[in-house]
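Here the structure is laid out as structure tokens; the discussion comes afterwards.
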Amino acid sequence: MFYREAGQFKASYAEDSQIFPIRQDKIGFWVLMLVFGVAVPLLTNEYWLKAILIPVLIFSLAAIGLNILTGYAGQLSLGSAAFMAVGAFAAYNFILRVEGMPFLVALVLAGGTAAAVGILFGLPSLRIKGFYLAVATLAAQFFIVWALVKFPWFSNYSSSGVVTAQEVTILGYTFSSPEAKYVLTFLIVAFMALLAKNLVRSSTGRAWMAVRDMDVAAQVIGFRLMRTKLLAFAVSSFYCGVAGALYAYTYIGTVEPEGFNLDLSFKILFMIIIGGVGSIMGSFLGAAFIVLLPIFLDNVVPLVFGDALGAGFVSNFQLIVFGGLIIFFLIVEPHGLARLWQIAKEKLRLWPFPH
Amino acid sequence: MARQIGDVIVDLQNISLRFGGVKALTDISFNVREHEIRSIIGPNGAGKSSMLNVINGVYHPQEGQIFFKGALRKKMEPHEAAEQGIARTFQNIALFKGMTVLDNIMTGRNLKMKCNFLQHALYWGAAQKEEIAHRIKVEEVIEFLEIQDIRKTPVGRLPYGLQKRVELARALAAEPHILLLDEPMAGMNVEEKQDMCRFILDVNDHYGTTIVLIEHDMGVVMDISDRVVVLDYGKKIGDGEPDEVKNNPEVIKAYLGTSH
Amino acid sequence: MQFFIEVLVGGLLSGVMYALVALGFVLIYKASGVFNFAQGAMVFFAALTFVGFQEVLPGWLGLEADSGVVFWLAFLLAFIAMIVLGIATERIVLRPLVNQPHITLFMATIGLTYVVEGIAQMAWGANVRGLDLGIVDEPIAWLMDNYEIGVSKFDLFAAGMAASLVALLAILFQYTKVGRALRAVADDHQAALSIGIPLQTIWRVVWAVAGFVALVAGMIWGARNGVQFALTFTALKALPVLILGGFTSVPGAIVGGLIIGASEKLAEVYVGPFVGGGIEGWFPYMLALAFLLVRPEGLFGEKHIDRV
Ligand SMILES: Nc1ncnc2c1ncn2[C@@H]1O[C@H](COP(=O)(O)OP(=O)(O)O)[C@@H](O)[C@H]1O
Ligand SMILES: [Mg+2]
């Protein structure tokens with residue numbers, strides 16, 4: 001009844017090309033921002049903030065990064081976690097080694113470092129495609145983690161590369177409480193998500209999608225393959241890099257290179273498959289789903305099957321559910337949760353008259 | 001006729017193109033004059049598409065030279081051809097399947113858009129202004145090709161005929177000097193063909209766009225072309241005005257005399 | 001010099017083992033266009049199922065644990081398990097995704113990897129097991145005595161097994177009806193369908209054969225390093241072999257395996273010490289990449305220009 005675009009006529013192309021052309025969506029968006037930006041940190045407890053909300057936000061950012069590269073530009077990557085590692089360790093070193101380095105600047109530099117490394121490992125994409133490229137991104141995954149372990153300079157000579165993130169201070173205020181860290185993470189992620197949305201609806205995004213859908217035609221219409229692909233690698237790695245830095249600074253605090261392993265890369269890939277390949281909002285939905293699922297299973301499996309089965313059973317059960325869901329989504333809804341959300345909205349628009 | 005056929009702007013000299021052992025083109029020379037409608041005909045596999053691909057840099061011939069506006073062209077990539085004002089449609093539709101009609105056509109404007117990705121990310125100001133300015137241009141093309149109703153439709157959901165039209169729209173959005181059309185009417189019914197003919201003639205007439213056309217329908221070709229070149233097995237067997245070509249015995253033997 | 005040869009031979013022999021895993025990928029890719037990331041998980045599943053049956057069969061049948069009957073019965077049962085897995089995969093995963101983009105199928109096999117790993121460990125537990133094939137891992141005395149070159153008996157045996165398997169497969173493909181159908185499918189799906197080759201049957205056969213290859217690979221690798229989760233990483237060893245040799249070429253898999261195996265060991269010994277060691281995780285990838293940058297069509301591939 002209330003979700004209608006009736007009577008809302010677009011008077012200009014500016015209005016027509018807004019992110020939320022329908023007024024109700026815009027209102028809904030701002031309500032959501034207020035809820036997650038203000039109400040949530042005031043109302044929820046520490047566990048929710050630390051174990052669920054902050055990681056969901058950070059993984060959403062990483063998933064946006066991968067979505068830019070894979071979902072929009074069509075270059076499948078299996079090495080996102082390695083670029084998170086670059087971001088985390090770059091931020092650590094910038095703050096450690098540069099006197100008075102402001103946190104936000106370090107964050108941008110961390111992203112920039114990841115972007116530079118991303119461009120380097122994106123170079124093969126100019127000559128190889130598809131599976132060959134996907135496998136090539138594994139080179140980044142293994143090499144970067146190896147380099148961070150083997151060259152102790154990166155971790156300031158700590159044992160086995162473990163580093164502890166410094167305090168986060170912005171303009172004299174130290175973000176130490178979970179609420180403060182959450183709000184900081186939220187603002188950064190929301191801002192970057194907006195930038196990503198702008199990118200993908202602009203000429204840059206069209207270049208990516210054109211290269212993804214039909215690279216010869218993209219060239220023929222004037223896009224430069226090299227620039228387009230490398231930009232996708234750079235921007236994607238920038239997002240993963242910032243996500244990695246936040247992972248260290250506002251989420252777990254202590255990180256080691258091995259924590260950014262292939263499993264994590266796959267997890268991020270799963271987020272975009274389940275959330276929606278080629279959808280910024282899907283990145284959030286997928287991240288939430290993948291973070292919440294194991295917590296849900298941990299709590300529900302013992303209730304259903306009893307405790308007798310043990311922890312091994314639960315973790316194997318998780319593997320099967322994870323894998324099964326991936327297959328399920330690929331078969332049933334390859335556009336993921338984002339598409340389901342859209343369908344639900346279309347239904348709602350017609351409700352209660354189903355025609 | 002208002003338009004005036006001008007000088008030679010594309011001049012191919014002794015072009016040969018091979019794929020492994022397959023000779024797609026053998027020692028082909030031909031030229032295109034400004035503002036004309038130049039058709040390429042010939043049986044399947046004759047090398048017509050390869051010829052277009054050579055003109056806009058998708059394929060690089062092993063031998064021969066290409067002069068563009070009088071200057072010898074070095075090995076040119078497709079995007080460079082696009083920068084020179086060459087646009088193109090494909091025999092097998094090459095739309096960007098995951099995008100809407102509008103976005104597909106907007107890609108045609110990309111070379112005229114000057115904002116960089118940082119401006120795109122911030123969107124407000126220059127990037128938005130630019131986006132809207134080009135949207136207005138694109139809407140003109142949409143109106144010209146009469147596809148207003150399907151603007152926001154993902155191209156994958158469109159019927160074949162409309163997809164061909166959207167592909168033409170994407171090429172036109174680039175405001176090309178030279179338009180290469182690879183079988184734009186294949187698989188269309190009579191009505192759709194008539195529409196397409198009208199669009200091609202209009203473009204040529206209104207904007208003076210030079211058109212290189214591959215088409216199997218002899219009626220259409222002889223009707224709208226200024227000059228026709230005939231290929232067979234990668235070799236040129238005829239070249240000239242429609243009437244000339246129609247009466248060329250070799251052409252009749254190789255092509256017109258058969259199933260068509 | 002002796003040392004160099006020793007490293008080289010050791011590398012070539014382990015390269016044969018990589019080739020064996022890579023072969024599983026190639027078979028499936030050729031027949032169905034699926035890049036089966038789960039091949040490593042299948043190796044693990046097969047080996048674990050084999051040792052699992054080896055453990056339980058003596059109790060069920062009242063036989064000695066080391067009797068030949070138990071060994072071969074366990075082998076047979078593990079093979080059957082792989083066939084069932086192949087058929088189930090075809091039915092549940094591949095058939096609904098037929099005609100989807102290759103990348104989608106690839107991602108589905110990543111999901112399959114998790115499922116297969118989960119099922120294997122749920123059925124047989126996650127602890128490390130030994131696997132005894134009756135061949136000891138010691139240098140061949142004759143080579144040692146005469147040339148002072150240490151080449152492991154076990155490595156040689158493994159290489160021999162792999163080589164015979166490859167030969168066997170080559171014969172199967174060349175001379176049997178199924179093999180010919182398979183090659184027809186690999187060349188052109190549509191054409192194969194139109195002359196009445198049932199695609200689903202072919203896929204099942206191929207997955208079963210790939211399962212068999214996984215079983216042999218799993219037993220050899222398992223005998224060498226223990227049957228454990230790390231067996232799934234054999235897939236990661238095989239991937240650079242594939243980008244080097246090409247996804248569709250059996251000779252490519254073999255030559256690629258040899259090149260990767262040899263250069264990896266040589267690099268570890270001669271370059272590794274300068275950079276802190278442990279480079280075998282990424283070196284093969286870098287090597288394959290460097291090669292591809294020079295020759296994108298791979299070792300045996302033909303140069304291909306997109307047709308438009
Ligand atoms: N990218 C390519 N790779 C290999 N062979 C090609 C390629 N493009 C065209 N050919 C071959 O070149 C010849 C001419 O093809 P084409 O130009 O498409 O002919 P037409 O458009 O006249 O039907 C054909 O034999 C075709 O098989
Ligand atoms: Mg053609």
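Only this structure's heavy atoms are used, side chains among them; waters, hydrogens and symmetry mates stay out. None of the values given here were measured: they were computed from a predicted structure.
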Search all heavy atoms of [X] against all heavy atoms of [Y] and return the closest pair with its distance.
X	Y	result
A:A217	B:F96	CB-CE2, 3.9 Å
A:L199	B:F117	CD2-O, 3.3 Å
B:L111	A:G222	CD2-O, 3.6 Å

Extract the chain B to chain A donor-acceptor pairs under 3.5 Å, no hydrogen or angle test applied.
| from | atom 1 | to | atom 2 | distance (Å) |
| --- | --- | --- | --- | --- |
| B:H79 | N | A:Q219 | O | 3.3 |
| B:E83 | OE2 | A:R224 | NH2 | 3.1 |
| B:K97 | N | A:D213 | OD2 | 3.3 |
| B:G98 | N | A:D213 | OD2 | 2.8 |
| B:N110 | ND2 | A:I221 | O | 2.9 |
| B:H120 | ND1 | A:T204 | OG1 | 2.5 |
| B:A121 | O | A:N198 | ND2 | 2.8 |
| B:E131 | OE1 | A:R206 | NH2 | 3.3 |
| B:E131 | OE2 | A:R206 | NH1 | 2.9 |
| B:R135 | NH1 | A:D16 | OD2 | 3.2 |
| B:R135 | NH2 | A:D16 | OD2 | 2.8 |
| B:K152 | NZ | A:D16 | OD1 | 3.0 |
| B:K152 | NZ | A:D16 | OD2 | 3.0 |

Sorted by first residue and then second, give each salt bridge (Lys or Arg N to Asp or Glu O under 4.0 Å) pair with at least one member in residues 53-67 of chain B; sequence neighbours left out.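 Listed once each, the pairs are B:R18-B:E63.
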
With a 4.5 angstrom heavy-atom cut-off, which part of [X] approaches chain A: side chain, backbone, both or neither?
X	result
B:L180	neither
B:L118	neither
B:M113	side chain
B:A81	neither

Using heavy-atom distances under 4.5 Å, tell me whether [X] contacts chain B through its side chain, its backbone, both, or neither.
X	value
A:V200	neither
A:L225	neither
A:A218	both

Check side chain to side chain contact (heavy atoms under 4.5 Å, CB included) between A:A134 and all other residues, then give those that pass, not counting sequence neighbours.
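If we apply the side chain to side chain contact (heavy atoms under 4.5 Å, CB included) test to A:A134, skipping adjacent residues, the hits are A:L76, A:L78, C:F106.
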
Identify every side-chain donor-acceptor pair in residues 104-111 of chain A under 3.5 Å, counting partners at least two apart or on other chains, and give the distances.
none

